Structures are given as C-alpha cells and as structure tokens.
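Okay, so here's the structure we're looking at.
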Amino acid sequence: MKTFAQKVRALVAKIPRGETLTYAEVARRAGNPGAYRAVGNILNKNRDPKVPCHRVVRSDGDPGGYAWGRKKKIIILKQEGAL
DNA sequence: CGTATGACGTGCA
DNA sequence: GTGCACGCCATAC
C-alpha cells in the first residue's frame with residue numbers, strides 16, 4: 001500500500017511536458033478526490049527533482065505555489081509551452 | 001495519539 | 001472583481 005504522497009509523486013511524474021494538472025485532478029487520480037490539500041502539502045515537503053511539481057497548478061488557473069518560487073514555476077511552464 | 005500546518009477549493013460579504 | 005473565512009485531507013512534529 002503506497003502512501004498518498006507516493007501515488008501523487010508518481011502521477012505528477014507522468015504529466016506530459018507542456019501539460020498541467022490541477023491539485024484536485026492529481027488528488028482524484030491518486031484515489032483521493034478530496035485530498036487536494038494533501039497534494040500540495042506533500043509536494044511542498046517532498047519536492048523531488050524527479051517530479052515536475054511545477055506542472056501542477058490550481059483549479060482557478062493560478063500557478064499556485066512552488067518551493068523554488070512561484071515566479072520560477074511560471075517561467076518553467078512558459079519554457080515548456082504550457083503557458 | 002493529538003495538535004498544527006499547507007503549493008487548495010468553495011462560499012459569502 | 002477582490003478579500004476573508006471555513007472545510008477538507010495527508011503529513012510532520
């Protein structure tokens with residue numbers, strides 16, 4: 001039984017380049033549609049270089065947050081063509 | 001085990 | 001349209 005964090009990281013790592021998923025979407029795919037809160041929390045404490053957490057945005061269209069800086073996140077998305 | 005936290009989401013003023 | 005408050009879940013301490 002993988003922990004929710006493990007599932008989330010695996011899903012985020014599967015996000016194709018140039019595409020973005022919302023925390024709610026990731027949480028839903030992880031099996032816990034109501035744990036979108038935990039998704040952000042997990043990525044925040046478990047920022048893994050193998051996980052493109054910058055491809056995870058909020059449902060409002062806002063970039064959300066980024067452990068390395070929200071601004072940096074936007075730049076990366078722009079470079080990938082997701083923005 | 002219980003409390004506090006957070007990169008959210010929705011609702012209401 | 002903007003701002004504040006509440007609710008929600010998993011993880012950390």
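Please read these numbers as outputs of a predicted model, since none were measured by experiment.
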Open item on the list: Grouping I, L, V, M, F, W and Y whenever their side-chain heavy atoms are under 4.5 Å apart, do Val8(A) and Val57(A) come out in a common cluster?
Closed with: no

TODO: Could you list the residues that satisfy salt bridge (charged side-chain N to carboxylate O under 4.0 Å, His left out) with Arg55(A), not counting sequence neighbours?
DONE: Glu80(A)

Open item on the list: Is it the case that the side chain of Lys72(A) and the backbone of Ala67(A) share a donor-acceptor pair, with hydrogens and angles ignored and the cut-off at 3.5 Å?
Closed with: no

- [ ] Scan for salt bridge (Lys or Arg N to Asp or Glu O under 4.0 Å) pairs involving residues 32-51 of chain A, sequence neighbours excluded, and state none if there are none.
- [x] none

Open item on the list: Which residues in residues 11-21 of chain A have a heavy atom closer than 4.0 Å to any atom of DNA chain B?
Closed with: none

Task: Partner set under salt bridge (charged side-chain N to carboxylate O under 4.0 Å, His left out) for Asp62(A), not counting sequence neighbours - done: none

Task: Co-members of Ile76(A) in a cluster of I, L, V, M, F, W and Y side chains, linked at under 4.5 Å - done: Tyr66(A), Trp68(A)

Open item on the list: Can you tell me which residue among Leu43(A), Val56(A), Asn46(A) is in a side-chain contact (heavy atoms from CB on, under 4.5 Å) with Val51(A)?
Closed with: Leu43(A)

TODO: Quick one: list whatever passes salt bridge (charged side-chain N to carboxylate O under 4.0 Å, His left out) with Arg58(A), sequence neighbours left out.
DONE: Asp60(A)

Task: Exam field: side chain Lys73(A) to backbone Gly64(A), donor-acceptor pair closer than 3.5 Å - done: no

Open item on the list: Heavy atoms within less than 4.0 Å of DNA chain B: which residues of residues 25-38 of chain A have one? Give them sorted by number.
Closed with: Tyr36(A), Arg37(A), Ala38(A)

Task: Residue pairs passing the side chain to side chain donor-acceptor pair (under 3.5 Å) test where at least one lies in residues 3-13 of chain A, sequence neighbours excluded - done: none

TODO: Return the residues of residues 41-72 of chain A meeting this criterion: a heavy atom under 4.0 Å from some atom of DNA chain C. Order them by number, or give none.
DONE: Asn41(A), Ile42(A), Lys45(A)

Side-chain donor-acceptor distances from residues 24-31 of chain A under 3.5 Å, at least two apart:
none

Open item on the list: With a 4.5 Å cut-off on side-chain heavy atoms, are Leu21(A) and Val12(A) touching?
Closed with: no

TODO: Taking heavy atoms of chain A and a 4.0 Å limit, find me the 5'-most and 3'-most nucleotide of DNA chain C within that range.
DONE: dG7(C) to dA12(C)

